[in-house]
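Encoded as structure tokens, the structure appears first; notes follow it.
Proteins get letters first, then strands, A, B, ... in listed order; numbering begins at 1 in each.
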There are 2 protein chains.
Amino acid sequence: MRAFPIDAKAVASLDRLLHEPARLSIVACLAVVDEADFVFLQAQTGMTGGNLSSHVKKLEQAGYITTSKEFQGSKPRTSFALTDEGREAFTGYLTSMRSLLGVLDGHASK
Amino acid sequence: MRAFPIDAKAVASLDRLLHEPARLSIVACLAVVDEADFVFLQAQTGMTGGNLSSHVKKLEQAGYITTSKEFQGSKPRTSFALTDEGREAFTGYLTSMRSLLGVLDGHASK
DNA sequence: TTGCATAGTTTGCGACACAAACCTATTGGT
DNA sequence: ACCAATAGGTTTGTGTCGCAAACTATGCAA
């Protein structure tokens with residue numbers, strides 16, 4: 001007897017912090033560019049400043065990203081980067097998602 | 001100049017109803033077996049009855065699944081199945097997720 | 001100095017996920 | 001027949017969360 005193909009526990013254990021689309025976008029951006037500032041992320045994601053602010057705060061509190069406020073001349077610039085932990089969590093998330101999708105091949109469309 | 005690879009709008013427009021892991025598990029199960037009853041889904045997903053009940057209600061209200069209560073002898077049995085609309089939404093979700101994952105190949109792990 | 005723009009944070013609110021409590025019906029024990 | 005216990009679901013309550021509006025602070029232009 002074949003095991004049931006959907007591993008619901010695996011789905012349920014997806015990292016909720018990364019599963020949120022807003023934060024997934026942020027982390028995906030940072031995975032690609034390695035460093036990005038607030039303004040860039042806001043433009044890329046189309047989020048309001050407040051929303052972006054609260055999400056990066058959560059990512060930082062989780063240890064997934066670092067925040068650095070530096071000055072360029074007289075202008076402050078807040079930039080973000082993935083930590084090793086963040087990248088690891090992200091790749092883990094992608095792996096879980098990939099395996100879920102893999103299992104569903106051929107089932108989703110009859 | 002290459003376009004930025006992450007399409008945050010696409011990520012943000014993921015169907016929130018399906019994006020929720022609990023409901024994703026339910027719909028994934030139904031995509032595989034075509035019909036399942038309450039008890040089976042509860043066992044598969046490991047959810048409490050209350051939680052499962054509220055999620056299937058939402059899926060039904062969205063038109064993604066149908067609920068049918070039949071009697072087997074004297075025992076009631078509530079079973080669920082994907083509607084065409086539900087299957088369509090599900091395949092759409094999978095397609096979006098796949099394209100996101102595709103874009104990230106080679107970026108996630110440096 | 002006054003007004004506007006940029007950069008970001010805090011506050012408030014509506015929606016949501018989850019489990020506990022509840023409801024109803026059936027089965028088993030005596 | 002009666003009571004307890006179990007099974008199948010639903011409703012209620014609560015803490016959390018995502019989001020945008022409002023606010024703060026700084027810089028620049030006239």
| query | B/Glu20 has an atom CD; how far is it from atom C1' of C/dC18, in whole Å? | reply | 10 Å
| message | Output the rounded distance in Å from CG (B/Leu59) to P (C/dC16). | response | 13 Å
| query | What nucleotide among C/dT10, D/dA20, D/dG9 has an atom nearest to a side-chain atom of A/Ser53? | reply | C/dT10
| task | Evaluate the criterion side-chain contact (heavy atoms from CB on, under 4.5 Å) for residue pair A/Tyr64 and A/Val27; output intermediate values, then yes/no. | result | CA-CA 9 Å; A/Tyr64 284 5; A/Val27 171; 5.5 Å; no
| message | Below 4.0 angstrom, which residues in residues 7-15 of chain B have at least one non-hydrogen atom near DNA chain C? | response | none
| A/Val33 versus A/Ala36, closest heavy-atom pair with distance | CG2-CB, 4.0 Å
| Reckon A/Arg77 has a side-chain N or O less than 4.0 Å from the OP1 or OP2 of D/dG27? | no
| For residues 36-49 of chain B, which residues have at least one heavy atom under 4.0 Å from DNA chain C? | B/Thr48
| Whether A/Phe4 and B/Phe40 hold their rings parallel, tilted or perpendicular, with breakpoints at 30° and 60° | perpendicular
| query | Rounded to whole angstroms, how far apart are CG on A/Leu52 and C1' on C/dT10? | reply | 15 Å
| query | Going through the distances and angles, do A/Lys58 and A/Glu20 end up as a side-chain contact (heavy atoms from CB on, under 4.5 Å)? | reply | CA-CA 11 Å; A/Lys58 288 191 183 182; A/Glu20 165 62 32; over 6 Å; no
| message | I need the full list of side chain to side chain donor-acceptor pair (under 3.5 Å) pairs touching residues 3-14 of chain A, with sequence neighbours left out, sorted by first then second residue. | response | none
| query | When you look at CD of A/Glu88, are more than 12 heavy atoms from neighbouring residues, nucleotides or ligands closer to it than 6.0 Å? | reply | no
